[in-house]
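Right, one structure below, let's go through it.
Just so it is clear: chains get the letters A, B, ... in the order the sequence lines come, proteins before strands, and each one is counted from 1. Quick note: numbers below take in every heavy atom, side chains included, and nothing from hydrogens, waters or symmetry partners.
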Amino acid sequence: MKTSFWLLDINYEMMDGCPQIHLWGLDNRNKRILAIDRSPTPYFYLLLKKGKDVNDVAQAVLKVARSLKDILDVTIVERRYFGKSAKVLKITCKDPDHYSINRLARKLTKIEGVEMALEDDIRFSTQYLLDTGITPCGWYELGGKEVENNLGAQVDSVYLITQPLKPVEITGIPNLTILAFTILWCNQKAIVVSMTTNTGEERELIANDTDDKPVLEGFIRFIREYDPDIIFGYDSNRQWHNLLERAKNLGLTLSIDRMGTEPHTSIHGHISVTGRTNIDLLDFAHELEQVKVKTLSNVAEFLGVKVEGEYIEEMDIPSWWKTKAKRKELLNFAKADASRIIGIGNTMLDYILELSHLVGLPLDYVGRAATGFRVENYLLREARSLGELAPKRVERPYFPYTGGMVMAPKSGIHKDIAVLDFKSLYPNLMILYNLSPDTYVDMKEKISEDQVYIAPELGHRFRKTPPGFYKHILTGLIGARDRIHQKMKSHPVNSFEYRLLDARQRVVKIITNACYGYAGWLGARWYLKPVAEAVAAWGRATISKAQDKAKSLGLEVIYSDTDSLFVKYDSRKIEALTREIEEELGLEIKPDKVYRRIFFTEAKKRYAGLLPDGRLDIVGLEVVRGDWAPVAKDVQERVLEIILKEESVDKALEYVHQFLSDFRKGKVPYKDLVIWKTITKPLEAYKAHAPHVEAARRLIEAGYKLTLGDKIGYVITKGKGKLYQRAIPYQMATYDQIDLGYYISNQILPPATRILEEFGIKEKFS
DNA sequence: GCTTTACTTGTACCT
DNA sequence: ACAGGTACAAGTAAAGCG
């Protein structure tokens, strides 16, 4: 029997002492399927010490292994390690539990002739995905026989896999059932739950005064009944924990997964719902850098998800609950939140699926996984297809190295400035000079100069051939992206296929660009400082040559940062420049945009430019920073706008005066005075008193629960003492307590005068 | 004992 | 928990002053 199968979720379970892989997914007729694979066995490798005979060591290992009943087999296999082929021992085990594997690996590592264990730190289900080449959110041909559903799984069919899954070329995703839920915590005993599905079903549950058991029961019932493939939530990882605790106290089992068991915290720290996918959209909201404060409504608004209805602050929920007449409003509010969640989920789903598909991390984990682990999982997959063993993750000391080059800008206003960008500079340098841990030539090693590329400034050497690991990876990714772009041309822009392909190319780009950072990340398996260091050094050499060429062509360079050049817009000279660079350096540089007018202070990484269509690009300045009061950002933005568009410093000055006068009269709303800053470490770890930290302490005193990474919104109030003593959480202060003077002298004026000063305005505002 | 200066801490940005 | 380079505010300690 053969059928097309789309993979949603993977886990393993022990059955009669043997592990079996469970693949959950959908077939091409939209039936829910559980496919069971009993064939895989857990394993790890032993790398041998140099000069040791593989048979001798194998014998020694076998001797020890025989005394350990958990080891099934020891075989000699041929693999590669940092590009060199190596005979290694493959140890097949009985128990996939990682503690058990680690224990065995440690024991066998002690044997004479064994250098170290490898891949003992890769989990069983990950090994399975790597070995089979299967990746979530993709289509496969499933060969197997249908068996009886005696596990109680909530699916249409259960299959036993008899042939390896084969990838199938299908663009598209099955018709997934999706549910979004949100929960309002009204008091210790009452909750409101709202659920919305992608088929338009809605369910709202509201507790009575003292008992929310019926609400939880209704929640469980509806999930089982609707049987969603994906469960969207916002901050739902926290919600699940609270729910599980609540259910426990009520003596309920939150049996909402497809095995009739409760959601559980997986090894990676996210909440896993077996057979379904739990996606916390807050994880993905962190990737939206433009949204500074990640509230559900802010993110929804940014993504253009429009939902009607009144907004209730989380802190106000209990008081709304207390007022019985207002309880219905809570229901409406929860309903609106659920709609926001499904709206956000719908706009991000393509991206999430493609990300999971490309890097191969399970759908419910990929959002939680940091960039480094996303890149790493992709590398693991590629390594496997090359027969490369994964290096161990090891602790390393931190020694910083020099990065990109930034030129001090020529300050003031410039007209008609083009921005030239090197296209994917770092990835292309890694390809061009074959920069990789496996091509690096150690200081001690003798090799003729014409066989290596030598890094400028540093002298690090890298073999020209054969292609290194990163070169292989990056050429593959860049090629794949080109092919996707090609494919996109054959689909209308509004089509489903186009959208999916667009998401795919975006994901490929993100992973491509993250490879350099990954190579210099201490936590990376494929870390090598000289690699990252050499990339940056070649980058500096490249941009510096580009600058010289520009100058010699008579193009004045206004500013430059890492891989970009700001030059006078002169299309003939720019064309000559890009051609020369391409010929001599083998790298592509092209005009990205042209500013009609651009403004720099003396500071690097900060400017504002006027585009031909009248839009303002503001970079680095307070306007785009999340840690200034909105009032300060607004004034600076308006000043820049007047100066760049209306070209009148006097007008800008007049505007500031008028604004201050209004401000003193209290015409600016309270919310525009709130300053937001992130708590980046446990409060007790702070050495200095900082306003946002003190405000956070006050919140905790008032009973709020804070997590690392939370943003604290505070205002500065009148009174005596240091600033940090006058910083009060915005929820706990009122307008009449505000120190307007502080806002004028420390928030509004500094960013505004920074701009005006460039025009010789030294006015003392008061 | 007060003010000025120099350095440290902390955050968020840019490529 | 992808890199380093940068700006800037506020806290804090040291230096300068009389």
Side-chain angles (χ1 to χ4, degrees), chain A residues 268-269 286-287 289-290 292 368-376 378-379 393 395-396 398-409 419 421-422 424-427 430 510-529 531-537 539-540 542-543 559-566 592 601-607 617-629 632-633 675-681 685-694 708-709 711-712 716 721-727 742 745-747 749-751 754:
Chain A
H268 302 293
H286 290 130
E287 292 173 41
E289 283 201 3
Q290 299 98 312
K292 308 294 175 184
R368 268 268 141 147
T371 312
F373 294 101
R374 294 177 182 174
V375 172
E376 185 142 293
Y378 181 75
L379 297 186
R393 188 172 291 135
E395 282 221 22
R396 312 174 160 104
Y398 172 64
F399 293 112
Y401 62 88
T402 313
M405 196 171 70
V406 193
M407 175 190 146
V419 183
D421 276 319
F422 275 98
S424 299
L425 180 63
Y426 282 10
M430 289 171 90
I510 289 170
I511 298 300
T512 308
N513 289 339
C515 281
Y516 152 73
Y518 172 86
W521 172 45
L522 289 181
R525 289 177 192 270
W526 281 277
Y527 165 87
L528 194 69
K529 193 180 125 179
V531 169
E533 200 176 22
V535 178
R540 292 191 298 275
T542 305
I543 197 71
Y559 176 60
S560 159
D561 185 349
T562 311
D563 61 353
S564 65
L565 280 184
F566 291 56
D592 180 38
T601 66
E602 274 161 25
K604 297 168 174 179
K605 299 190 184 279
R606 306 184 136 218
Y607 56 86
D617 253 356
I618 299 177
V619 180
L621 293 160
E622 282 77 2
V623 176
V624 297
R625 292 181 65 98
D627 56 350
W628 286 82
K633 309 205 302 175
I675 301 161
W676 294 90
K677 277 196 169 77
T678 310
I679 295 291
T680 60
K681 50 188 170 187
Y686 282 92
K687 290 182 193 161
H689 291 91
H692 71 296
V693 179
E694 294 306 309
L708 226 69
K711 275 223 159 55
I712 309 296
I716 300 300
K722 293 274 194 185
L723 193 64
Y724 60 80
Q725 293 167 312
R726 296 188 284 126
Y742 168 83
S745 62
N746 294 52
Q747 288 283 324
L749 285 180
R754 251 192 279 288

Could you list where the contact with chain A starts and ends along DNA chain C, reading 5' to 3', using a 4.0 Å heavy-atom cut-off?
C/dA1 to C/dT12
Reckon A/T371 touches a base, only the sugar-phosphate, or nothing at all at heavy-atom distances under 4.0 Å?
base
Using a cut-off of 4.0 Å on non-hydrogen atoms, how would the nucleic acid contact of A/R606 be classed: base, sugar-phosphate, or nothing?
sugar-phosphate
Are the side chain of A/T678 and the backbone of A/T680 linked by a donor-acceptor contact shorter than 3.5 Å?
no
Can you tell me how far C1' of B/dT11 sits from CG of A/L708, to the nearest Å?
14 Å
Give a yes or no on whether the backbone of A/Y401 and the side-chain of A/E533 come within a donor-acceptor separation of less than 3.5 Å.
no
In whole Å, what is the span from the NZ atom of A/K681 to the P atom of B/dT9?
9 Å
Go through the steps to decide whether A/T402 and A/R540 satisfy the test side chain to side chain contact (heavy atoms under 4.5 Å, CB included), and finish with yes or no.
CA-CA 10 Å; A/T402 313; A/R540 292 191 298 275; 3.6 Å; yes
Return the value, rounded to whole Å, for the distance between atom CE of A/M407 and atom P of B/dT15.
14 Å
With a non-hydrogen cut-off below 4.0 angstrom, is A/V406 in contact with a base, only sugar-phosphate, or nothing?
sugar-phosphate
I want to check something: taking the side chain as every heavy atom from C-beta on, are A/V619 and A/V624 in contact at a cut-off of under 4.5 Å?
no
Lys/Arg-Asp/Glu bridge criterion (N-O < 4.0 Å) met for A/D561, A/K605
yes
Counting any heavy atom closer than 4.0 Å, what does A/A688 reach on the DNA or RNA strands: base, sugar-phosphate only, or nothing?
sugar-phosphate
Looking for any heavy atom pair under 4.0 Å, which part of the strands does A/Y607 touch: base, sugar-phosphate only, or nothing?
sugar-phosphate
For B/dT11, does OP1 or OP2 lie under 4.0 Å from any side-chain N or O of A/T680?
yes
Under a 4.0 Å threshold between the charged nitrogen and the carboxylate oxygen, would A/K722 count as salt-bridged to A/E694?
no
Under 4.0 angstrom, heavy atoms only, what part of the nucleic acid is A/A514 near: base, sugar-phosphate, or nothing?
base
Would you mind classifying the nucleic acid contact of A/V535 as base, sugar-phosphate or nothing, using non-hydrogen atoms under 4.0 angstrom?
nothing
Report, as yes or no, whether the 6.0 Å neighbourhood of atom CD on A/E287 holds more than 12 heavy atoms from other residues, nucleotides or ligands.
yes
Within this structure, what is the OH-to-C1' distance between A/Y426 and B/dC14, rounded to whole angstrom?
12 Å
Using atom CD of A/E289 as one end and atom C1' of B/dA12 as the other, report the distance to the nearest whole Å.
9 Å
Quick one: label A/Y742 by what it contacts on the DNA or RNA (base, sugar-phosphate, nothing), any heavy atom closer than 4.0 Å.
sugar-phosphate
With a non-hydrogen cut-off below 4.0 angstrom, is A/G523 in contact with a base, only sugar-phosphate, or nothing?
nothing
By the 4.0 Å heavy-atom rule, please label A/Y559 as base, sugar-phosphate, or nothing.
nothing
Heavy atoms only, 4.0 Å cut-off, all strands: where does A/G517 land among base, sugar-phosphate and nothing?
base
Just call it for A/R393: base, sugar-phosphate, or nothing, with non-hydrogen atoms closer than 4.0 Å on any strand.
nothing
Please state how far atom NZ in A/K605 lies from atom C1' in B/dC13, giving the value in whole angstrom units.
9 Å
Looking only at side-chain N and O atoms, does A/Y686 come under 4.0 Å of OP1 or OP2 in B/dT8?
no
Give one of base, sugar-phosphate or nothing for A/W628, where a contact means two heavy atoms less than 4.0 Å apart.
sugar-phosphate
In terms of ring plane angle, is the pair A/Y559 and A/F566 parallel, tilted or perpendicular, where the classes change at 30° and 60°?
perpendicular
Return no unless some side-chain N or O of A/H692 is found under 4.0 Å from OP1 or OP2 of B/dT11.
yes
B/dA12 C1' sits how many Å from A/H286 NE2, rounded?
15 Å
